[in-house]
Amino acid sequence: MRIMVVDDSSCARMFIEKCLGIIGLDDAEIIVAGDGKEALDMIKEQSLDLLITDLSMPVLDGESLLKWVKGTPELQDLPVLVISSAGNPAREKKLLELGAFAVLGKPISPVTLLKTLEPLLEEKED
Amino acid sequence: MQKEQWDEIMAAAVAESLESMAFMEVFPAGPDAAEPEMPVWDSLLLLEPTQGEFRLAMSRPLLDEIGANIYGFDTEITEQQSADLLAELLNTIVGRFMGGIMPSEAFKLGIPERGRTEWPPIDPDAIRWHFTVEEHSLSIIASGAPMLKLCQSS
């Protein structure tokens, strides 16, 4: 499985990677980007199974990255998980309408991450 | 919403964030507790739907302990990683706090900024919350008249 983690904080990226390891995705290939623009520059070269992005980032934020991905025909099927510290029901609804696979509030826990990714992982197994 | 509710929401936000991220227990220290001496601190602006500022301050040894819990005890933590950690903690705590006081309204936060100077003077109207973590002190300060108007003193 190839997963891109997009966050301007090295701490947040490491925390997400740790959680992915705990839920059994320690053999996944993790590609990291420090903001949405860097992710877009790299994404074209990658064949990804999942994109995990923070919302508040410099240069290009997570919402803009989500819109970009969902508006690009060759990327629109890529599941995008948004992890946000500024999440609330109104924002979550908007992000889901824009095509996010799921929206999680910070701090994430391995249990929540597993529950969220379960349908995707089952689909991968099938 | 009254001040007591803000206190409860902030205490929960700090506890949930530190327990989930660093497996550390947090204890409220009461309003008269002192801010950490010579703290490392970060600032985060609330941009919408109202305006305010949050600061997170803690002693350097506490930041190092949190870092060791997150990055691993055998990892040499760089200054950049420490800075990222402080910013991430503030972002997470404030996000949870704002989600608690504005559960049905979208809000927008700025990007955390590292305090480059010594601990600056605090607006006398600011709300201060103090906590104890592993015998170290940690403080959160909320200021800005537009945001503080949302909190009615009882």
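None of these values were measured; they are calculated from a predicted model. The figures that follow rest on heavy atoms only: side chains count, while hydrogens, waters and symmetry mates do not. Below, chain A is the first sequence line, B the second, and so on; all start at residue 1.
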Interface residues of residues 46-60 of chain B facing chain A - heavy atom cut-off under 4.5 Å = none
Listed by residue number, which members of residues 130-138 of chain B have a heavy atom under 4.5 Å from any heavy atom of chain A?
-> none
Which bit of B:Thr92 comes within less than 4.5 Å of chain A, counting heavy atoms only: side chain, backbone, both or neither?
-> both
Under 4.5 Å from any heavy atom of chain A - which part of B:Ile111 = side chain
Could you give the distance from CD1 (B:Ile93) to OG (A:Ser85), rounded to the nearest 0.5 Å?
-> 11.0 Å
Where along residues 57-73 of chain A does a heavy atom come under 4.5 Å of chain B, listed by residue number?
-> A:Met57, A:Pro58
Heavy-atom closest contact (B:Ser20 atom, A:Phe15 atom, distance) = O-CZ, 3.6 Å
Correct closest heavy-atom pair for B:Asp84 and A:Asp8 would be OD2-O, 4.3 Å
More than 12 heavy atoms of other residues, nucleotides or ligands under 6.0 Å from [atom1] of [X]: is that the case?
X: B:Glu113; atom1: CD; result: no
X: A:Glu123; atom1: CD; result: no
X: B:Glu76; atom1: CD; result: no

Are [X] and [Y] connected, step by step, through hydrophobic side chains (Ile, Leu, Val, Met, Phe, Trp, Tyr) whose heavy atoms are closer than 4.5 Å?
X: B:Val94; Y: B:Leu45; result: no
X: A:Ile22; Y: A:Leu25; result: no
X: B:Leu150; Y: B:Met10; result: yes

A:Ser10 side chain reached by B:Glu88 side chain, heavy atoms, under 4.5 Å | no
A:Lys18 versus chain B, heavy atoms under 4.5 Å apart: side chain, backbone, both or neither?
-> side chain
For residues 27-42 of chain A, please give each side-chain donor-acceptor pair under 3.5 Å, one per line with the distance, not counting sequence neighbours.
residue, atom, partner, partner atom, Å
A:Glu29, OE1, A:Arg2, NH1, 2.7
A:Glu29, OE2, A:Arg2, NH1, 3.1
A:Asp35, OD1, A:Lys37, N, 2.8
A:Asp35, OD1, A:Glu38, N, 2.9
A:Lys37, NZ, A:Asp41, OD1, 3.2
A:Lys37, NZ, A:Asp41, OD2, 3.0
A:Glu38, OE1, A:Gly34, N, 3.2

Can you tell which of A:Ser109, A:Ala12, A:Cys11 has the highest number of heavy-atom pairs within less than 4.5 Å of chain B?
-> A:Cys11
Could you please spell out the steps behind the side chain to side chain contact (heavy atoms under 4.5 Å, CB included) verdict for A:Lys106 and B:Met21?
-> CA-CA 9 Å; A:Lys106 286 184 179 181; B:Met21 293 173 72; over 6 Å; no
